[in-house]
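To find a chain, count down the sequence lines: A is the first, B the second, and so on, and within it residues start at 1.
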Amino acid sequence: MSSLSCTRLLKEHFDKNCIDMANYLLGKILVRKLEDGTILKARIVETESYLGNEDKASHSYGGRRTPGNQPMYMPAGTCYVYQTYGMYFCFNISSKEPGAAVLLRALEPLVGLETMEKFRDIKNEKQKWKPQYLCNGPSKLCIAMNINKNNCNKLDLTDPNNQDLWLENDSEQTSIIKTSRIGIDRVIEEWRLKPLRFYIYGNINVSKRDKKAESELKPVE
DNA sequence: GGACAGATCGCCT
DNA sequence: GGCGATCTGTCCC
């Protein structure tokens with residue numbers, strides 16, 4: 001059996017609070033089946049928790065409910081895809097607490113790299129043909145995996161009949177770095193600095209590595 | 001490597 | 001009317 005022979009995550013695996021979910025998702029395989037049957041696979045290497053009600057960086061801060069953020073209040077394992085800056089998408093998975101979700105920030109491409117390259121269409125010569133630039137950002141991974149609000153928002157990842165997008169288990173061991181979240185500079189310090197970003201130690205596909213945190217990580221034995 | 005400007009538009013107030 | 005959980009190219013060190 002190769003390491004890519006995996007088992008699909010089931011409903012019970014999503015029954016987690018937001019921070020547990022963000023950590024649990026690291027190392028899991030995101031699988032996308034395109035309309036033409038093409039399979040894309042990538043390992044989740046960076047996540048962020050958005051806690052909801054009390055979290056001043058969250059779309060659901062203060063219990064805010066709009067038609068747009070509705071998936072954040074849906075059962076754990078629901079996809080929340082939103083558009084930002086007029087042209088990009090971000091992909092989240094809702095957790096157990098109503099209003100809380102985990103943002104996927106970076107993936108390590110595993111299967112279907114040629115298709116991902118076609119979707120991304122990288123012009124920069126220094127980044128072209130280098131897999132670590134395909135999915136090293138929340139919107140880059142949506143482009144590479146063909147995830148947008150129209151085709152993936154509100155999808156149920158816990159439904160075994162869902163043939164568009166799902167998660168698979170993987171046995172790879174990982175050390176996890178905890179650090180502050182990205183792109184929320186407007187948020188007051190108390191919430192801007194909270195260690196709610198999680199990534200796989202040393203992974204080159206991570207959008208922004210925290211070298212200080214990595215150097216301070218004590219080896220786990 | 002880092003800083004900065006500009007793109008671009010759906011969503012919410 | 002204004003903003004944004006981003007990305008890219010350019011300029012600079």
Quiz item: How is A:N124 classified with respect to the nucleic acid when contacts are heavy atoms under 4.0 Å: base, sugar-phosphate, or nothing?
Solution: sugar-phosphate
Quiz prompt | Base of C:dA5 and ring of A:Y50 stacked, centres under 5.5 Å, planes under 30° | solution = yes
Exercise. Applying side-chain contact (heavy atoms from CB on, under 4.5 Å) between A:L167 and each of A:L10, A:L25, A:T158, report the one that passes.
Key: A:L25
Exercise. Tell me what A:F89 touches on the nucleic acid: a base, only sugar-phosphate, or nothing, going by heavy atoms under 4.0 Å.
Key: nothing
Quiz item: Using a cut-off of 4.0 Å between protein heavy atoms and nucleotide atoms, how would you tag nucleotides 6-12 of chain B 5' to 3' with B, S and -?
Solution: -BBBSSS
Self-check item: OP1 or OP2 of C:dT6 under 4.0 Å from side-chain N/O of A:R105
Solution: yes
Quiz prompt | A:D170, A:V102, A:N205, A:L104 screened by side-chain contact (heavy atoms from CB on, under 4.5 Å) with A:I44, the one that passes | solution = A:L104
Quiz item: Between atom CG in A:D121 and atom C1' in C:dC7, what is the gap in whole Å?
Solution: 14 Å
Quiz item: Which residue, A:I147, A:V31, A:L40, forms the side-chain contact (heavy atoms from CB on, under 4.5 Å) with A:L165?
Solution: A:I147
Quiz item: Does A:R181 make a cation-pi contact with A:Y50, if we ask for NZ or CZ under 6.0 Å from the ring centre and within 45° of the axis?
Solution: yes
Quiz item: Tell me, which of residues 183-211 of chain A have any heavy atom that sits under 4.0 Å from an atom in DNA chain C?
Solution: A:G183, A:I184, A:R186
Quiz item: In what stems does DNA chain B take part, counting only runs of at least 3 consecutive Watson-Crick or G-U pairs whose two distances fall under 3.5 Å?
Solution: B:1-7 with C:6-12, B:9-12 with C:1-4
Self-check item: Distance-only polar pair, side chains of A:E97 and A:Y73, donor-acceptor under 3.5 Å
Solution: no
